[in-house]
Amino acid sequence: MVASGTFGWGKEYSEYMDLNKLGAIVTKSITLKPREGNPPPRIVETPSGMLNSIGLQNEGLEHFLKEDLPFLAKFDTPTIVNIAGETVEEYAELAKRLSKETMVKAIEVNISCPNVKQGGMAFGVDPGLTKQVISAVRNATKQPIIAKLTPNVTDITVIGRAAVEAGADALSAINTIVGMALDLETGKSRLGRETGGLSGPAIRPIAVRMVYELARAVKVPVIGIGGIMTGNDAVEFLLAGARAVQVGTANFVDTAAPLRILAELHDYVHRHPRTLNLS
Amino acid sequence: MVASGTFGWGKEYSEYMDLNKLGAIVTKSITLKPREGNPPPRIVETPSGMLNSIGLQNEGLEHFLKEDLPFLAKFDTPTIVNIAGETVEEYAELAKRLSKETMVKAIEVNISCPNVKQGGMAFGVDPGLTKQVISAVRNATKQPIIAKLTPNVTDITVIGRAAVEAGADALSAINTIVGMALDLETGKSRLGRETGGLSGPAIRPIAVRMVYELARAVKVPVIGIGGIMTGNDAVEFLLAGARAVQVGTANFVDTAAPLRILAELHDYVHRHPRTLNLS
Amino acid sequence: MPIQEKCRVLVHQPIGPRFYQLTLLSRDIATQAQPGQFVEVKCADGYVPLLRRPISLHRIDPQNETFTLLYEVVGQGTELLAKAAVGAELDILGPLGTGFKIDPAKKTHLLVGGGMGVAPLMALAEEVKIQKSKACLPDRQVKSLDLFILIGARNKECVQCEGELKAVADQVIVSTDDGSYGQKGFVSDQLLDIINNRLSVVSCQSSVIYACGPRPMLKAVAQIAAQKQIDCQLSLEERMACGIGACKGCAVLTTSGYKMVCKDGPVFNASDLVFS
Amino acid sequence: MPIQEKCRVLVHQPIGPRFYQLTLLSRDIATQAQPGQFVEVKCADGYVPLLRRPISLHRIDPQNETFTLLYEVVGQGTELLAKAAVGAELDILGPLGTGFKIDPAKKTHLLVGGGMGVAPLMALAEEVKIQKSKACLPDRQVKSLDLFILIGARNKECVQCEGELKAVADQVIVSTDDGSYGQKGFVSDQLLDIINNRLSVVSCQSSVIYACGPRPMLKAVAQIAAQKQIDCQLSLEERMACGIGACKGCAVLTTSGYKMVCKDGPVFNASDLVFS
Ligand SMILES: Cc1cc2nc3c(=O)[nH]c(=O)nc-3n(C[C@H](O)[C@H](O)[C@H](O)COP(=O)(O)OP(=O)(O)OC[C@H]3O[C@@H](n4cnc5c(N)ncnc54)[C@H](O)[C@@H]3O)c2cc1C
Ligand SMILES: Cc1cc2nc3c(=O)[nH]c(=O)nc-3n(C[C@H](O)[C@H](O)[C@H](O)COP(=O)(O)OP(=O)(O)OC[C@H]3O[C@@H](n4cnc5c(N)ncnc54)[C@H](O)[C@@H]3O)c2cc1C
Ligand SMILES: Cc1cc2nc3c(=O)[nH]c(=O)nc-3n(C[C@H](O)[C@H](O)[C@H](O)COP(=O)(O)O)c2cc1C
Ligand SMILES: Cc1cc2nc3c(=O)[nH]c(=O)nc-3n(C[C@H](O)[C@H](O)[C@H](O)COP(=O)(O)O)c2cc1C
Ligand code: FES
Ligand code: FES
């Protein structure tokens, strides 16, 4: 699978690969209304990682349903739509609208977004808010729900359990870690916003640990995300207990990344027929 | 300053540099009783970072006072003793004993240690436990207290404020981030323990962000730690609001790191007489 | 269609203090590329630096199936790139973005480059000349004033491509910030000077400015163009991740909201941009 | 005193499929180093890989103020190291650790190397020979049985240093796991064979085994040594960070708790180690 926000709407990468060969395409987060996104710069490179502050730029649900979903419908690959909201109601409304689209195979709920009603704290750092969001989505759709967890928490299993109790069919982890880089000339942030989300190989050890913790805390499948650049990296997540993985930042580095990683994964399974059963 | 656990007891590095030139030496965490440490392997390299699971191996307070402190006493550089305990009482006892040592210029309290009485959760992830530990240390000593915070929390300012309310004179941040790396042949952890602490350049954006948050949340000085390899990295922390920095992993890479970074820092200040005032 | 490809290094040479010229072999890229487009270069194996680096197409040679980059070593990525040996292969993604729009009907083409902004002007100048020649087929003569190139640099050492550019346009005016070579002052001042002294009001309307360089310079050029009502295309820079419009990382503010430098640009109409 | 120093590369050559020999210039290191000690090598500029890599001293040449490393490319660090050009400088920290203790009064010295474990045996063999020669001054003759070297490798291609070692000891016995060269089987089996067939009980008491290689091999050697009551020194490997005893990262379990491979070792008495 390719991770949300790193593969656009699929269209951008369709020139470089056969999208039919992907396990699934997770769309960039979609919001009810169009969103402008954050002021530039939005990208900073850091040691073995990158910070981004895109700010969920997207043209909103209507545009997505009219322009982007039909394109994805042309491929055999399952489409997973990632949704983001500023209120519980927005999440519910998004899910309700998407529940009518038969070619949406699952909904991934990005709960890392700030909760506008409650002072901007992210939904996903609080088990209560997490439950509210996931329950609302659960009530709005029969499609499988994946709760995408934020790593910026003391104990990710608390949030994971809350999401499962509220009806999530799977968990994906991790979203980006809040980070910051300052410009040495101006003393200001090197991003248009103060902070950004850290992704890439730098965060992999943290992501593997969180997936490992989650896989032991919940019965639903966990999808591993975070710094996967090679088939071996993907294997590490599977060994940690993930049942699937998503490739994010690697797409920027190598347009062939998802298919290459898939091939490398097959290779590994071939060479190590039993290691993966150990976990 | 050199960070706890990465500079031994100073002795090891005294062959490579003039310890008198350092801003301060923070000792490895000292516990009341000797500690064996964790089973090997204890070190794994990760992209732009490393995981360690040393397990606080040290020979205990008595040995430290008899063997190691006298060595450090020979230098002009202030000694900051880092303490770790499994119970609030242990922290208090350590602080009480150290309060009699005039050449201990400050006590850094490592609150990332698991709380043995309460199921192994680290003291530093809970504001209540943090307060208990810092208050106990406060009551046991008149020396300045630095609370060393763990980054494995949802909101580091909550913990930072708790520490300050309980009497900490300064905060240092961050300790290592819990991470994990698996062996692809065995499917087991590449460390003797399941998880380890991630340090090095990979975590710098996260550390800078946390220091930035803390510096705006508390009035006491914040000491920046995390992936500082160069003078520019140190400047980034100062711009984020730190009043001093500690150098950790860099010591392993370059025995001359702390003095080199100090020189580079002077250079920067020379070239940018005003940028540092901006923050 | 853009392509991700391992391209062989044919020429790689320093051409100034920290400037390099790099010629690569790729039929697909060389035959598709347009002036103003760029490629995303993987500067080294492995994941440090993590992201590709965007570099403009400096020359495009479809006959020989090669393209050339001109770059300055400014940080980790370009430092590693400078180590690529002739004969080695570099992982390139391109050609990317929307390049300059050339209207051969326009009489005067003013190309303005500041610093490394001179890089894409070479390909542009060559293409302008070709298109003008075609358009002017009857008299087969391109008058010198038709192709006017202004380049600005920090100092003498940093002046790039003067000779190359002179082979295409007879009017190449160089200025340096410190006056160590050519005219002293900013290249935008030179531009204003030329417009004021050499172009009539009529010829302003049949002129076009193309500019590439640091943001303050582009802002100044945009102001001049607006004031003189001259069509103006600017090539922008922004930090990029994907380079293909997928990540929304390279936003620039336009009159119709944020646009992507990598896909909607790097070349924009000056009048569409909102300068802060 | 160990030192951190930029050492010039004098020789750097591949000597097998993925094996390299690297000779560096450093008076301080060459004149202080003892067999069994190691250096921590910064394999590349920058921070990838982050940590230094420990490599044993393969040869120590105080006269020429050089030392030589013998290493296998197994991962990122050694891969980058292999790119170091002759004439370049490498950042080295050393000599580190506690090496082999040589007792020239011992009659028979059995050196056992498995895989890359052969690397430190060369420096050891040379030193044993020197010390024995000094100790045997009256008759100035070192009998062949005095210096016995057994080396084991995966296969023929991986056999290292046979020629070099033969120049020091006349008795060099090679075995390969797959029998593609020398004896077939593990080097520890060869050791047992030699002890059983060539040493009397008396000579066991005046013998010493030094071994370096993979953990299972060292365990087997330690068991043989214990059973035959032969003094035995083992050189261990563990992942390291600081290399100087400061970080407590390279722990190995001994009968008196965890010791540091980088400082207390890498050479330990076999009888002090606790094998899992
Ligand atoms: C469309 C486009 C075309 C470009 N064409 C050329 C060209 O033809 N020749 C050339 O020398 N350079 C060109 N650049 C700039 C080039 O991409 C940067 O110099 C390069 O990415 C720096 O990488 P680095 O790792 O060496 O430096 P870094 O260590 O990443 O940064 C060093 C300095 O360069 C600046 N920088 C880094 N990335 C960018 C970026 N994407 N855009 C602007 N500034 C950046 C940073 O602010 C910093 O001050 C172009 C950029 C864009 C967006
Ligand atoms: C005291 C000592 C002396 C050594 N002497 C030599 C020598 O003379 N010649 C030689 O070729 N190698 C020697 N080694 C092993 C050498 O340090 C490792 O091969 C090297 O660090 C691998 O680095 P890498 O980045 O290439 O591989 P990595 O990518 O780090 O790892 C590749 C493989 O090597 C193993 N490895 C990595 N680091 C170590 C380590 N510190 N100890 C043991 N295994 C490791 C890993 O488990 C992995 O399987 C010695 C190790 C020690 C501790
Ligand atoms: C540029 C960028 C944009 C992203 N946008 C989204 C998003 O819209 N919604 C979301 O749930 N995650 C988003 N993510 C997070 C990724 O999906 C992924 O969880 C994270 O980057 C970690 O994986 P990686 O290290 O493989 O990139 C984004 C990440 C990046 C780098
Ligand atoms: C090997 C190792 C051992 C450490 N031991 C301690 C310790 O005993 N007590 C402590 O408070 N922090 C300890 N730390 C954490 C460091 O002091 C520092 O907070 C952390 O490594 C981040 O800084 P760095 O990235 O510069 O290393 C240790 C870190 C490392 C790498
Ligand atoms: S760099 Fe990704 S959208 Fe432009
Ligand atoms: S590597 Fe640090 S103590 Fe041995």
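Order of the sequence lines fixes the chain letters, A, B, ..., with proteins taken first and strands second; residue numbering starts at 1 for each chain.
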Which pair of non-hydrogen atoms, one from [X] and one from [Y], has the smallest distance, and what is that distance?
X	Y	result
A/A202	B/A202	CB-CB, 3.7 Å
A/A181	B/E236	CA-OE2, 3.0 Å
B/L198	A/P205	CD1-CG, 4.0 Å

> With side chains defined as the heavy atoms from C-beta onward, is the minimum distance between B/L51 and A/R209 less than 4.5 Å?
Replying inline: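 No, too far: nothing below the 4.5 Å cut-off.
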> Is the shortest heavy-atom distance from the side chain of B/L184 to the side chain of A/R271 under 4.5 Å?
Replying inline: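 A side-chain contact is absent here, since even the closest heavy-atom pair is not under 4.5 Å.
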> Going by the salt bridge (Lys or Arg N to Asp or Glu O under 4.0 Å) test, which pairs reach into residues 219-232 of chain B, not counting sequence neighbours?
Replying inline: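 Listed once each, the pairs would be none.
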> Under 4.5 Å, heavy atom to heavy atom, which residues of residues 245-253 of chain A contact chain B?
Replying inline: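 Checking residues 245-253 of chain A against chain B gives no residue, so none.
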>> For the CG atom of A/L182 and the OH atom of B/Y212, what is their distance to the nearest 0.5 Å?
In response: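 Answer for the CG-OH pair, A/L182 versus B/Y212, is 7.5 Å.
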> How far does CE of A/M180 sit from CD of B/E213, to the nearest 0.5 angstrom?
Replying inline: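 Those atoms lie 8.5 Å apart.
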>> Quick check on side chain to side chain donor-acceptor pair (under 3.5 Å): which of B/T150, B/N152, B/D155, B/T154 does A/T154 satisfy it with?
In response: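 The residue from B/T150, B/N152, B/D155, B/T154 that satisfies side chain to side chain donor-acceptor pair (under 3.5 Å) with A/T154 turns out to be B/T154.
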> Which one of B/V44, B/V125, B/V211, B/V208 has the most heavy-atom pairs closer than 4.5 Å to chain A?
Replying inline: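 Option with the top pair count is B/V208.
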>> Heavy-atom pairs under 4.5 Å with chain A - which of B/S48, B/S189, B/P151 has more of them than the others?
In response: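 Between B/S48, B/S189, B/P151, the count favours B/S48.
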> chain B heavy atoms under 4.5 Å from A/I206: which part of the residue, side chain, backbone, both or neither?
Replying inline: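 Both parts, backbone and side chain.
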